[in-house]
Engineer: 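Please see the structure below; I have some questions.
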Amino acid sequence: MCGICQKGKEANKRGRPEALIHCSQCDNSGHPSCLDMSAELVCVIQTYRWQCMECKTCTVCRQPHHEDEMMFCDKCDRGFHTFCVGMDQIPTGLWVCEVCDKDFTTPKKKGVKAQKKSKSAQK
């Protein structure tokens, strides 16, 4: 049952059938539309042990504390403390974590080999 609209997979808040997503840590479930999740995000969260907002922990330190400094990747919904990824504050606008950004490549300049980011530069 969806924790937001209190309906099952047979009908979401718009009255349409929709599969529920389930937290890997507790019994919370929800329709992606009730959770404002895009179809792309739903595809990504089905590839790992997704956590609901009540269970969300930092991907780096695995701790749930310091909720005011926890941010969420806009591509995968994983949680990260700002201080665990070397940031002073939660950025405005979209933010993509290192897990999702690992395949990001910058346009190559003519005659210059593209270099991979060092681990320290990625943090």
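Here, residue 1 is the first one in the sequence, and each next residue gets the next number.
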Engineer: For the CD atom of E18 and the CG atom of N12, what is their distance to the nearest 0.5 Å?
Structural biologist: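 These two atoms lie 4.5 Å from each other.
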
Engineer: Less than 4.5 Å apart, side chain to side chain, heavy atoms only: is that true for Q25 and W50?
Structural biologist: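 Of all side-chain heavy-atom pairs linking W50 with Q25, none is under 4.5 Å.
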
Engineer: With side-chain contact (heavy atoms from CB on, under 4.5 Å) as the criterion, how do R78 and I45 come out once you've worked through the C-alpha distance, each side chain's angles and the decisive distance to 0.1 Å?
Structural biologist: CA-CA 9 Å; R78 287 178 176 96; I45 67 169; over 6 Å; no

Engineer: Do M1 and Q6 have side chains that get closer than 4.5 Å, going by heavy atoms?
Structural biologist: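 Contact flag for M1/Q6 side chains = yes.
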
Engineer: Kindly check if the number of other-residue, nucleotide or ligand heavy atoms within 6.0 Å of NZ (K13) is above 12?
Structural biologist: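 Yes, the 6.0 Å shell around NZ holds more than 12 heavy atoms from other groups.
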
Engineer: Nearest 0.5 angstrom please: F80 CZ to C61 SG, how far?
Structural biologist: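 The CZ atom of F80 sits 10.5 Å away from the SG atom of C61.
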
Engineer: Looking at CG of D27 and CD of E54, how far apart are the two atoms once the value is rounded to the nearest 0.5 Å?
Structural biologist: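 One gets 12.0 Å once the value is rounded to the nearest 0.5 Å.
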
Engineer: List the steps and the verdict of side-chain contact (heavy atoms from CB on, under 4.5 Å) for D77 and K56.
Structural biologist: CA-CA 9 Å; D77 198 45; K56 194 78 75 182; 2.9 Å; yes

Engineer: Quick check: is I90 connected to M87 through a chain of hydrophobic side chains (ILVMFWY, heavy atoms under 4.5 Å apart)?
Structural biologist: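 Shared cluster, yes.
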
Engineer: Considering only heavy atoms from C-beta outward, does the side chain of P32 approach that of L35 to under 4.5 Å?
Structural biologist: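 P32 vs L35: side chains apart.
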
Engineer: Is it true that Y48 and V60 fall in one hydrophobic cluster, defined by side-chain heavy atoms closer than 4.5 Å?
Structural biologist: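 They do not share one cluster, since no chain of ILVMFWY contacts under 4.5 Å joins Y48 to V60.
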
Engineer: Between V96 and C100, which heavy-atom pair has the shortest distance, and what is it?
Structural biologist: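 The answer is CG1-CB, 3.5 Å.
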
Engineer: Would you please test I21 and V42 for side-chain contact (heavy atoms from CB on, under 4.5 Å) and show each step?
Structural biologist: CA-CA 8 Å; I21 56 170; V42 173; 4.2 Å; yes

Engineer: For residues 63-74, dump all side-chain donor-acceptor pairs below 3.5 Å to protein atoms at least two apart in sequence or in another chain.
Structural biologist:
unit_1 : atom_1 : unit_2 : atom_2 : d
Q63    : OE1    : H65    : NE2    : 3.4
D74    : OD2    : W95    : N      : 2.6

Engineer: How close do G30 and C2 get, counting heavy atoms only, and between which atoms?
Structural biologist: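 What the structure gives for the nearest pair is CA-SG, 3.7 Å.
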
Engineer: Among C34, S29, S33, find the residue that satisfies the side-chain contact (heavy atoms from CB on, under 4.5 Å) test when tested with I4.
Structural biologist: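 That would be C34.
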
Engineer: side-chain contact (heavy atoms from CB on, under 4.5 Å) between H22 and N28: does it pass, once the steps are laid out?
Structural biologist: CA-CA 6 Å; H22 307 281; N28 285 345; over 6 Å; no

Engineer: Any luck finding a side-chain donor-acceptor pair between Q51 and T57 under 3.5 Å?
Structural biologist: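 There is such a pair between these side chains.
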
Engineer: Looking at C5, is its backbone amide N or carbonyl O close enough to the side chain of H31 to form a donor-acceptor pair, meaning the two atoms are under 3.5 Å apart?
Structural biologist: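 Side chain of H31 to backbone of C5: no pair is present.
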
Engineer: Once salt bridge (Lys or Arg N to Asp or Glu O under 4.0 Å) is applied, do any residues pair with K75, and if so which ones, sequence neighbours excluded?
Structural biologist: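 Partners of K75 by the salt bridge (Lys or Arg N to Asp or Glu O under 4.0 Å) criterion come out as none, since no residue qualifies.
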
